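Here's the structure, in structure tokens; my notes come after.
Owing to the predicted nature of the structure, the values given are computational and were not obtained by experimental measurement. Here is how names work: the chains are called A, B, and so on, in the same order as the sequence lines, proteins then strands, and each is numbered from 1. The basis for the numbers below is simple: all heavy atoms, side chains too, and nothing from hydrogens, waters or symmetry mates.
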2 protein chains.
Amino acid sequence: MTRLPARPPQPGLRRTRQRAAISDLLGEIDDFRTAQQIHDILRDNGEAVGLTTVYRTLQAMADAGEVDVIRHDGEAAFRRCHTAAHHHHLVCRKCGHAVEISAPVVEQWADEVARDHGFRDADHELEIFGVCRNC
Amino acid sequence: MTRLPARPPQPGLRRTRQRAAISDLLGEIDDFRTAQQIHDILRDNGEAVGLTTVYRTLQAMADAGEVDVIRHDGEAAFRRCHTAAHHHHLVCRKCGHAVEISAPVVEQWADEVARDHGFRDADHELEIFGVCRNC
DNA sequence: CTTCATGCAAACGCTTTGCACCAGC
DNA sequence: GCTGGTGCAAAGCGTTTGCATGAAG
């Protein structure tokens, strides 16, 4: 049998109008937005993208670590993060406005707590919610 | 028009076999369990309760502060808390086993962060996940 | 006997998937 | 012209609700 084409390991991401539109939009907004909201905004901007595609693209970006995801009230909200490093968020309950928070003390505390109780592979979820100045 | 009966403010909780079964079960387990899991366990114990009733009862208990709720992977898990005071959890990803954690330092830190950024009505969600000794 | 609880089935809201068509490269 | 992307419609999944029946007090 003939040899495999030895394709590049990258899944060959393809540039499309839809992906560009979503990526550009995320670059302009730095508040958390749901897939549905992003879909609506794009439609209002005349850059219509199918809801399925929005979900698929956001999912991919989240997997690639390009966007942060928050789950609130049973739905996911997305946001392009400025910091690549591990961080948490202070999020406005009303408008989704968010501030990135780094909390080394808390990280350390969480690891200690887990270790002290014999838990391994510790991980934690932490978000602070409130109402921002403008709301 | 005649006067209102001046009913007691309590919504008149009624003792039923189903509620007793759910409440008893929660008293025996101190790991987080989903509504579906509780429904299954009760059925296996011969104490069958409709899934709807399990949801409604857990919801009511959560509203009353009698049980703690955790949302993970898009589904809710419940557990009778030992401490009435505000606390967080260290939860096993595999079996749902949980330890109640109190973290005054973190509470204070969260409030400060919110205040420093001009957020009001601050609140936070924090859970530590890991794999427990027995898993 | 009145009121609230139960439970089935249907509805819901968000998200994912199947599949035919379309567009990068 | 392959190969992967898109988008509609339909399915999935946890959860909630409408409504007729049933039990508690």
Report task. Begin from the C-alpha positions of A:Thr53 and A:Gln18 and carry the test side-chain hydrogen bond (donor to acceptor under 3.5 Å, both in side chains) through to its verdict. Result -> CA-CA 8 Å; A:Thr53 300; A:Gln18 291 87 336; 5.8 Å; no

Between [N] and [X], is there an OP1 or OP2 to side-chain N/O distance shorter than 4.0 Å?
{"X": "A:Gln59", "N": "C:dT15", "value": "no"}
{"X": "A:Arg19", "N": "D:dT6", "value": "yes"}
{"X": "A:Thr53", "N": "D:dG7", "value": "yes"}
{"X": "A:Gln36", "N": "C:dC14", "value": "no"}
{"X": "A:Thr52", "N": "C:dT15", "value": "no"}

Report task. Return yes if the base of D:dT3 and the side-chain atoms of A:Arg14 contain a donor-acceptor N/O pair under 3.5 Å, otherwise no. Result ->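 Such a pair is found, so the answer is yes.
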
Query raised in the report: Does the base of D:dG4 carry an N or O that pairs as donor and acceptor with the side chain of A:Arg15 under 3.5 Å?
Result: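 A donor-acceptor contact between them is absent.
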
Nearest-Å distance, [atom1] ([X]) to [atom2] ([N])?
{"X": "B:His72", "N": "D:dG14", "atom1": "NE2", "atom2": "C1'", "result": "15 Å"}
{"X": "B:Leu58", "N": "D:dT15", "atom1": "CG", "atom2": "C1'", "result": "12 Å"}
{"X": "B:Phe32", "N": "D:dG14", "atom1": "CZ", "atom2": "P", "result": "18 Å"}
{"X": "B:Arg17", "N": "D:dG22", "atom1": "CZ", "atom2": "C1'", "result": "12 Å"}
{"X": "B:Leu13", "N": "D:dG25", "atom1": "CG", "atom2": "C1'", "result": "13 Å"}
{"X": "B:Gln37", "N": "D:dG14", "atom1": "CD", "atom2": "C1'", "result": "13 Å"}
{"X": "A:Ile38", "N": "C:dT15", "atom1": "CD1", "atom2": "P", "result": "11 Å"}
{"X": "B:Tyr55", "N": "D:dC13", "atom1": "OH", "atom2": "P", "result": "13 Å"}

Could you check which of [options] has an atom nearest any side-chain atom of [X]?
{"X": "B:Val49", "options": "C:dG7, D:dT6, C:dT15", "value": "C:dG7"}
{"X": "B:Gln18", "options": "D:dT15, D:dC8, C:dT6", "value": "C:dT6"}
{"X": "A:Arg71", "options": "C:dT6, C:dT15, D:dT15", "value": "C:dT15"}

Query raised in the report: Starting at the 5' end of DNA chain D, which residue's closest nucleotide do you reach first, B:Ala76 or A:Thr57?
Result: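 Nearer the 5' end of the strand: A:Thr57.
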
Just checking [X] against [Y], ring centres under 6.0 Å apart?
{"X": "B:His72", "Y": "B:Phe32", "answer": "no"}
{"X": "A:His97", "Y": "B:His117", "answer": "no"}
{"X": "A:His87", "Y": "A:His82", "answer": "no"}

Query raised in the report: Where each residue is assigned the nucleotide of DNA chain C containing its nearest heavy atom, which of A:Ala35 and A:Arg56 is assigned the position nearer the 5′ end?
Result: A:Ala35

Query - Under the side-chain contact (heavy atoms from CB on, under 4.5 Å) test, residues paired with B:Gln59 that sit two or more places apart - result: B:Asp63

